[in-house]
J.: 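Take a look at this one; I'll ask things after.
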Amino acid sequence: MDNISLNVSQLVKNIGSQQKIGELDFVIGKGAKVALLGLNGAGKSSLIRLLVGENQPTSGAIEYLTSTHTFSPTHKEFKSSLGYQADTMLSINQMCVSEYLAFCAAFKNLAHSTLPDEILDLMELWGVLEAAGTDMSKLSKGNLQKLAIAQAFLGEPKWLFFDEPCQSLDPIEQDRFNSYLKRLTNIELCVFSTHNVQHALDVADEIILIHQAKIVYQFRTKQSKDYLLCIAELNASLDHQILNKGINFEPIGYGIYRLHQPKHETIKLVDELLEQSELVNVIFLPEREALMPLFRLLASGEIELEKSEIFTARVDKEE
Amino acid sequence: MLKLFGFLVTNLLRRKGLQAVALVSCVCVGAFTTLSYQNFLHLQAQNISMLSVYNEIVKPLIGLVFIFQALIVAMVTSQLAPYLSVRGQHSLLLHSPLSDFKLATIFYLVSFTLSLIPLIYFCLIIVFLSSVSQLDSHFIVVVVLVLIAGAGLLSAFLNGVAIMLKNSLIALIVCLVAIGILFLIDEMMRTSTLFYSYSIFLNLMLQGREGLIVFSSLASWLIWLVFFLIGFLLLLKIKLNRWHRKYWIPLSGGVLLIVLNSITQPFSAVSSFDVSSAHLNSLSEYETGQIESLSQEINITAVIDNTKNHDEIKRALDILRQYHKKINVSFTNRQALGEQGEQVDQFVTVQIGKQQQSLRYPFDRSAKDAIAQLIIQLEGRSSQWITFIEGHEELGPFDKSNRGLSAFYQSLRELGWPVAVQNLSKQAIISNNTQVLIIAASRQNWLNQEIEAVLSYLEQGGNLVLLREDGDRIPAAINEFVGIKTLPGTLIDWHGYQSGTPHPAIVIVNDFPQHPINTGISSILAFPWSKALNITHSAGLQKFEYQAVIETHKGVWTEFDVEQSELSYDAAQGEMQASFTTAFALKNKTNQQRILVVGDSSFLSDSAINNYKNKQFALNIISWLSSQNTTDSISNYSDSYIKISPIVHFILLWGFSIIVPLGFVGLVIVLALSRQSFRKQLKRSKAI
């Protein structure tokens, strides 16, 4: 547990009859940068809102762990070192950029003597120094987004959460954000949601793929040699051909399997078997490369989680 | 925490909506001041008694200031949490490491502070008025504190209402509706006997406006304030997802406070503190002694058409209940009295035991003074007699002839006065418990011992009604004591005769000098065969203050031969034509003695008392003569005037309604421009 900074167990969020988040279980290591990937409406923002305590879960628990304490998202200690950029920020009337940052600092109860310098540095870092005296209502959408990101870094927070930080940013600013995040150290955790798979792979230590309120796949990006097998179709003969060949597949669920650091021969064998099966909706690629095809499969609706679960259960039973 | 407070206040002050409301509030308060000032000048020109700068100018502003305070609190609260929500800045609030209590305090203080804008402007006006008039400073402090208390209560209530809402416009509408509902409920509780003690704020405000702090109202306000604050804090916890079951404890505590309020109220209902330096909400030492010594229950019936005016009576009775707990009141209106009600003015009747007396409403003084004096008068009647002198062919109460005073006697009995007839030749002592002595036109000479008895009574400060008629035999010593003589001749009113009186010797009077005796006399009086009176240059001038109560019109003359068939004014014979005084009211300069001399006795007789308003006039005479102990203690206003100069006049007419608000507009523009130039400088320096 020493290396864990976030422990989520049996997390459920229902709004009315609609399930926003469904029974999530995962842990994140200390100092990790986590990218949440998923299609629109997958549940990324809902998960972030639950993680920061903006929404209360219907059931389940979220625990933040440090070397000495365990916090819930509403804990004061957690709040005092939280940096959060929500995806819905609009301007405040009669408030300029520098005032806004000072306003946010006041809400964060920051009153150290170097605060004016910190605000100045942040404005410079996020490219809004030129607009320091500009009224927020006159800022472009991109500059407003940069301001939203800047305020999240006020007070050198340890727990960082960004909800689609790169939306409205131009490519240069997106790169600036990603490279800053890459360089970021001395944090407990950084979670951000994005639609840009490449950015996620570049920046994040860990990627969580969310679909229909559930985690479909989670993997560590660094030094990943694992392979992902996704069989979207139900095919009984395939079970015998692939899964009963003595290959050590780890069933993830939803028709997805992980093959741990497969040897070259194993990869070749699986490729051949898949070729013979003449399946169309199937992926067998290294994890990092499998993300985009998997996205396409999810977007096409070929993977239906409920059916996949039945399939997974059947495989487990046969094993 | 202070920084956040400062940010919120300055940011809100920059919003044009709030600036507009603040400006409108200043203009309205200023314009209302101008109108009230003009009204004050108008009333001053009419020589209205009991005029007060506070009552005429300051008091009407209080309600207006409070309305604007409520409006500003509604605007501000809708611009706090709901505005942050609608602008997607909700997370700032939600993820603030500041405790709920601190956040609640900041929001509360922001709305409270900004709600003081109209109050500050009000204070500016008060400070100016205080420099030109003797406003009661204690009074003003209480009023300002009450308005602060109101702003505090509204801030807690509306923050609680707005905190859960996610749209500032909807929040504003909901807040305004909530204010309406709150005060509707408060008004209903305040006017209900059962829930009177639950009043949220209106009781405190209305009592404070009169310079009275009633502890029960203060306690009630405080308990509601705590309740609203707890409610706001708990709702904020829910809003911030920090709600926990344990918070039901303070919520239950709040409810318990309200319950406790209802239990403790009856015990503290009459505890109050009069802050007015003129004791407008308490009784004088004499009145206190008199009313506290009463053992009987006092029943008051107020026949007042407009229910809004009931408050005046209720507040007066709240004051009186501090001295006598057994005071009951019932309200009705003239319509409920049927046909009888159509013919009478509004009135208030006080009944103690079998005695009762009514007083016309509205009163010519404060309701507290009017009712207190009525109670004291009634109470005094059981031991104070009205004594008629007999033995010299005076008009007598038991005389059934046309010259008799039986109708007047009957009226006195109905009002509870013990009436006695005394023949001084048999017993030459006038009893100490004689409240009023009436000498109604003696036609025979007096014995010396009788004269001495009356003089002795007068020397001791006894009250007297002296009715004169042509050829009467009032002893010269008594005339000399009062210092009034009759002029020769009988007054002839030819104009009255032409207007329909049966005889020209009946003088019609329809213009009355201002005096308590003439209170409620709106139509004419008739004085048959009356005499003109004049003040003699005797010792009386040093002893008494004389005031003419009845004056004829200028066409009346003193006819020496009233029996002749054709009456005409004959100056050659020495007859005079002028406006004559037929009744003088005398007040002793050194004690409370009162004397009334009327140059007529017939107006009281059975043949004339029911003519016009004669009966009312007769009863007013008794009322005035018998109330000498209390009228002197009528509360007087120290602020009955404004030291008007051209500058003062100009400021009160234009300063607060136009010039100062324009100054504020200028200040806002200057601040906005300087802020703009600061931003430009900031941009330029960053560019460099």
Side-chain angles (χ1 to χ4, degrees), chain A residues 49-50 52-57 72-100 102-111 115 120 123-124 128-137 144 148 151-152 155 157 159 161 163, chain B residues 1-19 79-80 83-103 106-107 166 168 237-244 671-672 675-688:
Chain A
R49 285 194 199 110
L50 286 172
V52 295
E54 191 167 319
N55 290 342
Q56 290 288 83
S72 73
T74 53
H75 202 281
K76 191 185 165 187
E77 295 291 319
F78 174 71
K79 298 281 183 195
S80 59
S81 51
L82 170 71
Y84 172 50
Q85 170 258 316
D87 66 336
T88 52
M89 185 179 125
L90 295 171
S91 63
I92 292 181
N93 272 346
Q94 300 296 324
M95 199 174 267
C96 70
V97 168
S98 57
E99 282 170 344
Y100 176 70
F103 178 65
C104 293
F107 258 114
K108 289 185 173 191
N109 203 20
L110 302 173
L115 183 64
L120 211 63
M123 286 194 293
E124 194 170 13
V128 287
L129 189 58
E130 288 291 302
T134 308
D135 205 290
M136 276 177 86
S137 59
L144 208 58
Q151 64 79 28
W159 310 91
F161 294 84
D163 196 353
Chain B
M1 189 172 154
L2 259 177
K3 271 195 171 180
L4 184 57
F5 168 79
F7 266 115
L8 287 168
V9 169
T10 30
N11 182 253
L12 286 167
L13 276 174
R14 284 183 200 141
R15 306 268 176 91
K16 288 185 176 62
L18 191 70
Q19 284 174 354
Q79 291 294 312
L80 291 171
Y83 181 77
L84 288 176
S85 286
V86 82
R87 303 308 292 173
Q89 304 283 355
H90 171 62
S91 58
L92 286 179
L93 176 64
L94 201 67
H95 304 306
S96 173
L98 289 167
S99 69
D100 319 321
F101 181 76
K102 280 182 181 171
L103 283 171
I106 291 168
F107 277 22
K166 292 179 177 173
S168 44
K237 277 183 182 295
I238 294 173
K239 170 93 174 175
L240 302 183
N241 297 329
R242 299 178 196 175
W243 175 260
H244 193 274
L671 286 175
R675 188 163 174 262
Q676 217 165 15
S677 96
F678 169 75
R679 283 177 172 188
K680 277 178 187 167
Q681 277 179 358
L682 195 69
K683 271 186 189 176
R684 221 172 290 140
S685 62
K686 298 304 166 202
I688 292 163

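Not measured: the values here are computed from a predicted model. Residue numbering restarts at 1 for every chain, and letters A, B, ... go by the order of the sequence lines.
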J.: Heavy-atom pairs under 4.5 Å with chain B: which of S80(A), A106(A), A148(A) has the most?
T.: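 The option with the most such pairs is A106(A).
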J.: Please classify the contact of L84(B) with chain A as side chain, backbone, both or neither, using a heavy-atom distance under 4.5 Å.
T.: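 The answer is the side chain of L84(B).
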J.: Any donor-acceptor pair under 3.5 Å linking the side chain of N11(B) with the backbone of Q94(A)?
T.: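 The answer is yes, because a donor-acceptor pair under 3.5 Å joins these two groups.
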J.: Can you check whether L90(A)'s main-chain N or O pairs, donor with acceptor, with Q89(B)'s side chain at less than 3.5 Å?
T.: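 It does hold such a pair.
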J.: Under a 4.5 Å heavy-atom cutoff, which of S96(B), P97(B), G6(B), S91(B) has the most pairs with chain A?
T.: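 Of the candidates given, the most pairs with chain A belong to P97(B).
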J.: Quick check on the interface: out of I92(A), N55(A), N109(A), T88(A), who has the most heavy-atom pairs with chain B under 4.5 Å?
T.: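 Greatest number of close heavy-atom pairs with chain B: I92(A).
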J.: State, with a plain yes or no, whether a side-chain heavy atom of L94(B) is found less than 4.5 Å away from one of Y84(A).
T.: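 Contact flag for L94(B)/Y84(A) side chains = no.
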J.: A side-chain contact here means heavy atoms from C-beta on lying under 4.5 Å apart; do C104(A) and L92(B) qualify?
T.: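 Yes; the side chains approach each other to less than 4.5 Å.
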J.: Measuring from atom CG of L98(B) to atom NZ of K108(A), what distance do you get when rounded to the nearest 0.5 angstrom?
T.: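 Taking CG in L98(B) and NZ in K108(A), the distance rounds to 12.0 Å.
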J.: Which heavy atom of Y83(B) sits nearest to which heavy atom of N93(A), and what is that distance?
T.: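 Reported closest heavy-atom pair: OH-N, 2.8 Å.
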J.: Check whether D87(A) gets within reach of chain B through its side chain, its backbone, both or neither, counting any heavy atom under 4.5 Å.
T.: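 Contact with chain B: none, neither part.
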J.: Would a 4.5 Å heavy-atom cut-off, applied to side chains only, mark F107(A) and I106(B) as touching?
T.: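 No. Closest side-chain heavy atoms not under 4.5 Å.
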J.: Would you mind checking which part of Y100(A) comes under 4.5 Å of any heavy atom in chain B, side chain (CB onward), backbone (N, CA, C, O), both or neither?
T.: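 Only the side chain of Y100(A) comes within 4.5 Å of chain B.
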J.: Between L82(A) and chain B, with a heavy-atom cut-off of 4.5 Å, which part of the residue counts as in contact: side chain, backbone, both or neither?
T.: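 Contact with chain B is through the side chain of L82(A) alone.
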J.: Answer whether the closest heavy-atom distance between the side chains of L240(B) and T74(A) falls below 4.5 Å.
T.: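 L240(B) vs T74(A): side chains apart.
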J.: Could you measure the distance from the CD atom of Q56(A) to the CD1 atom of I238(B)? Nearest 0.5 Å is fine.
T.: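 Reported to 0.5 Å precision, the distance equals 11.5 Å.
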J.: Is there a side-chain contact between H95(B) and E54(A) in this structure, where contact means two heavy atoms from C-beta onward sitting under 4.5 Å apart?
T.: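 A side-chain contact exists here, since the closest heavy-atom pair is under 4.5 Å.
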J.: Within a strict 4.5 Å, meaning less than it, do heavy atoms of the R87(B) and S91(A) side chains meet?
T.: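 Result yes, sub-4.5 Å side-chain heavy-atom pair found.
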J.: If you count heavy-atom pairs under 4.5 Å with chain A, which of K102(B), R15(B), K3(B) comes out on top?
T.: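 Between K102(B), R15(B), K3(B), the count favours R15(B).
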J.: In terms of heavy-atom proximity below 4.5 Å to chain A, should K16(B) be classed as side chain, backbone, both, or neither?
T.: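 Contact with chain A is through the side chain of K16(B) alone.
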J.: What residue in H75(A), K79(A), K76(A) has the most heavy-atom pairs under 4.5 Å with chain B?
T.: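 The residue among H75(A), K79(A), K76(A) with the greatest pair count is K79(A).
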J.: Measure Q151(A) against the heavy atoms of chain B and call it side chain, backbone, both or neither at under 4.5 Å.
T.: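 Looking at Q151(A), just its side chain touches chain B.
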